[in-house]
Amino acid sequence: MKEIAPSPPPIVRNQFETIRELFSKNVVPSYGRFELAFSHGAGSYLYDVNGRRYLDLGGGIAVCALGHAHPAITEALVEQSRKLVHTSNYYYHEPQGRLAQALVHLIGPGKMFFCNSGAEANEGLFKLARKFGHDEGRFEILTTENSFHGRTLAGISATGQDKVKKGFEPMVPGFRQVPYNDLAAMRAAISPATAAILIEGIQGEGGVTPATPEYLLGLRALCDEKKLLLLMDSVQCGHFRSGRFQSFQRILEGSELETRNLEPFLPDGIAMAKSLGGGFPMGAFWIRAPYADLLSAGTHGTTYGGSPLACAVGLKVLEVIAKENLEANARSTGEFLKSGLQLLAVRHPNVIQIVRGLGLMIGVELAPNLAKLPGDPAKAQASRFANLLHPEGLLVIPAGTNIFRLLPALNLSRAEGEEGLAIIESVVKKL
Ligand code: PLP
């Protein structure tokens, strides 16, 4: 694996207050931001405006697949932008065709649609389900409790967390949630109006909960039996994060199936985004072959989706992942991190309760009511814990109230993993 040399810290200027002021005057306050402002990055490190270095185990929420400022991404951006940035989808161009081919090859027979974000990718799947069920009057999509599917109106209607819906009611009709990993509950929820089931292979925002193999196989059989589409939101857990291209491929390994021939068990639609562009905003969805032409000319579209620039970057991300064997790295470094954290949970059960996840998608559940945890008690424990790591030079991502997530670059090295574990341990010991 190629080592990325960190660049030297910038000239020290205390710009933080100025930047925060610009935000408080001019930016919609819809995010609870940490008190950090970054100026640049290199590999798995970010540098704040004061020149302080942080090991980034959050990866921009599972986005920066190759870390920060990867030279191959820079090169793809520069080269492609010299040739052609945008054409609109009225015309053909090579990068979109090639990226579609590469993604179809990684999943199975089907076709791709390119858009700009995860929420937009899910919107496409919702429309696919509506088109699929339309002539029989079926429109309903069943999703799961604790899921997260994006911040558009249909995205929050699909999401199984009340906090994202609150204040925006009424929801878009046609979405209902049932408990995750509960096949009987899903079967019982199916109504004559149901057209599709949508799940995450590993719930991300909900706290890093992988689906069980039995659940995935059971849902496929249930969808076949009831003539429903099986849709997967792989926005966070996809793109090799689990140690395979798709998390369902990883989860179904070791089940009684022939592990490399998953074709009969493929879902009917898959939403992607985040790591797909390695930081360049991109989304996409794959549709399985029998349904791949349902969204016919004029039924769906987007101005920017699948631009030559975006697709050139997407192709480069895939090329580097293959060349540097980052699929295997996600497994081995992920396993190293997970077992290190599990050891911490054994040593400090009063602070860390459960560690779960696959590959480089790891969730750490903190014990409830950590009495010694500093910070505003009105704020979630996970955010307060993340805050404690900042002075030590480490970034993680909170999930829910009590869980923090590690979603680092897929080229995270063992040494960087060790550094992260040591920092987490030093903070845990103080609690
Ligand atoms: N689906 C899942 C599983 C996600 O984790 C996210 C974002 O965190 C989304 C959808 C929404 O993606 P985006 O923020 O790119 O719209």
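We count ligands from 1, going down the list as the structure has it; atoms in each ligand are counted the same way. Quantities reported herein were computed from a predicted structural model and do not represent experimental measurements.
- Proximity of the aromatic rings of F114 and Y304 is defined here by a centroid distance below 6.0 angstrom, and this criterion is not met.
- Within the structure, the ring pair (Phe, Tyr, Trp, His ring centres under 6.0 Å) test picks out the following pairs touching residues 223-243 (sequence neighbours left out): H239-F245, F240-F245.
- Applying the side-chain hydrogen bond (donor to acceptor under 3.5 Å, both in side chains) test to residues at least two apart or on different chains, the pairs with a partner in residues 150-159 are E123-T152.
- Within 4.0 Å of ligand 1, protein heavy atoms belong to S117, G118, A119, N122, F148, H149, G150, E200, E205, D233, V235, Q236, K274, listed by chain and number.
- Between H134 and F139, the gap from one ring centroid to the other reaches at least 6.0 Å.
- In this structure, Y291 has its ring center closer than 6.0 angstrom to the ring center of F132.
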Would you list the atom pairs, donor with acceptor, under 3.5 Å between side chains in residues 375-385 and any protein atom, with sequence neighbours excluded?
from : atom 1 : to   : atom 2 : distance (Å)
D376 : OD1    : A378 : N      : 2.9
Q381 : OE1    : N369 : N      : 3.1
Q381 : OE1    : L370 : N      : 2.7
Q381 : NE2    : A367 : O      : 2.9
Q381 : NE2    : N402 : OD1    : 2.8
R384 : NE     : P374 : O      : 3.3
R384 : NH2    : L373 : O      : 2.9

